[in-house]
2 protein chains.
Amino acid sequence: MIKNLAYTKPAPIFALDLGVSVREKPKIRTSIIQMAKRIKVETDLSTEEKIKEAARKVFMQKGYSATRTRDIAEEAGINLALLNYYFRSKEKLFELVMIEKMQKFFSVMAFILFDTENSLTVKVEKIVANYVDMLLENPDIPIFILSEIRSNPAKFLSIAPIADLFHNSHFVVQLREKRPDINPLHFIFNIMGMTVFPFIGGPIFKAMGALTDDSFAQLMEERKKLVPLWVESILESK
Amino acid sequence: MIKNLAYTKPAPIFALDLGVSVREKPKIRTSIIQMAKRIKVETDLSTEEKIKEAARKVFMQKGYSATRTRDIAEEAGINLALLNYYFRSKEKLFELVMIEKMQKFFSVMAFILFDTENSLTVKVEKIVANYVDMLLENPDIPIFILSEIRSNPAKFLSIAPIADLFHNSHFVVQLREKRPDINPLHFIFNIMGMTVFPFIGGPIFKAMGALTDDSFAQLMEERKKLVPLWVESILESK
DNA sequence: ATTTTTTTTAATCATTTGATTAAAAAAAAT
DNA sequence: ATTTTTTTTAATCAAATGATTAAAAAAAAT
């Protein structure tokens, strides 16, 4: 077996003769490479994975600030100290979840943005279908990501110089070609708005009783066909 | 002048002979009517209003959980105790702000929903223009409302039996008349998505550098004209 | 002018909460 | 079998945080 993977044994308190007690910070023993090894080798990830899974659930539902590490521990059915043993801190654990979700959300768009194969029409079909499928599985990803970014924009949006990448992407070029008279961002907003917004506003309609989980899912399935048609008619309009 | 408006003087601690000390809860002395009177009479609302204004700012920016009452006090330039003196608790103060913002957001839609005068076309124009105008003034209302509702759905969505009101609204009836083949919710999602989503996703595009505050505002001004046209072409499509 | 009421403050409390520690239990290595 | 390492726990810490208290200052009423 591999040596202690996350930390050294907790450092003991030692009392200074001034009567002040100082706490040594635990130091990580493992390098990233060793960490990777561990993940491959280890047969039983269940505790670590249980915590992660609980963290996903609780963080997604309540957001970073409203989540207490004790909530996560309870949800995972483990002792609170274990959470810090495996993940060092609430923030580290959160970052793991956040990065996972951001990746899930933005990769759908990124994949299309830089695809140079397909026609505009096909791309729109793919964006919508992929988002709807992904969001039906993870309906609260948009609110989660957006609200965490809002309360800490600096932290998660160090994606500074992506602007050119965006403007020069094949997809945006195609949009500009098709409708040079209209800022491509308008169409991006339209596609994303029609596709993602229902998942953001949906809970309200459900609470009103205007919608059930089932009828919502069905509606979104319909939208996989309808939204591309509507986008088409927008692109052709006038 | 009117008597102490918010609370009695704080009740003193009294020690039981068991060694346990109990704290009396402060009791509100003022009725709602007196409270209303006060608001009319009082010449200087500045402290109360300063706190409220600070609360609006901080709550909107960081959300309920990430906001510390000390943040609000500092922002308002007042002592922390004053906040509790005027508003009794963080939660009470928050509810005030939340209700204000929900009202602002939903009244735009409600106003259109039950308007029996105008044509579908005019209504769509009004929804879009009213939302864009309101949201340019208060860009973070949507994320604020949605994320607070997410973390506490029960509290803010006791709007239980609004479903019928919605389905029978003049606007929804008009939509069903125009396109009996398509669930009116699809069009609601489209209009709201195209109008509100940019304010939700905007911060990301700004962070990417694909958009400045000015160019965003300009884009949204354009959308006041464009979105109704696109909605029209969606309603006519196929 | 004096008393009463309202507003404001500094100090402090009690609870919550993220984190740590020391020791026990379990697993692995020898 | 014994030792070492890893995992888990119960207890506790320290800082943060919402709230309260008692008293001072200011304003209003008398």
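In the text below, chain A, chain B and the rest are named by the order of the sequence lines, each starting its count at 1.
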A:Asn79 CG to C:dA25 C1', straight-line distance once rounded to whole Å:
13 Å

Options C:dT8, D:dT21, D:dT8, nucleotide nearest the side-chain atoms of B:Ala81:
D:dT21

Nucleotide-level pairing of DNA chain D, given in dot-bracket where Watson-Crick and G-U pairs need both distances under 3.5 Å and | marks other strands
||||||||||||||||||||||||||||||

Can you tell me how far P of C:dT21 sits from CZ of A:Arg88, to the nearest Å?
11 Å

Cation-pi check, B:Lys90 to B:Tyr64: give yes when NZ or CZ is under 6.0 Å from the six-membered ring centre and within 45° of the ring axis, no otherwise.
yes

Is the number of heavy atoms from other residues, nucleotides or ligands under 6.0 Å of A:Phe114 CZ greater than 12?
yes

What closest approach, in Å, do A:Ala210 and B:Phe166 show between heavy atoms, and which atom pair accounts for it?
CB-CD2, 4.1 Å

Counting heavy atoms not belonging to B:Lys206, are there more than 12 under 6.0 Å from its NZ?
yes

Rounded to whole Å, please give me the gap between CD1 in A:Ile78 and C1' in C:dG18.
13 Å

Between D:dT20, C:dT20, C:dT8, which nucleotide has the shortest distance from any of its atoms to the side chain of B:Leu82?
C:dT8

Side chain of A:Lys90 only, heavy atoms from C-beta on: which candidate in C:dG18, D:dG18, D:dT9 is closest?
C:dG18

Under a 4.0 Å heavy-atom cut-off, which of residues 65-74 of chain A touch DNA chain C?
A:Thr67, A:Arg68, A:Thr69, A:Arg70

Do other residues, nucleotides or ligands put more than 12 heavy atoms under 6.0 Å from B:Lys224 NZ?
yes

B:Glu74, CD atom: more than 12 neighbouring heavy atoms under 6.0 Å
no

A:Phe144/A:Phe105 aromatic ring centres below 6.0 Å:
no

Atom OH of A:Tyr85 and atom P of D:dT5 are separated, to the nearest Å, by 13 Å

B:Ile51 CD1 to D:dA19 P, in whole Å, measures 13 Å

is_close_aromatic(B:Phe59, B:Phe94), centroid dist under 6.0 Å
yes

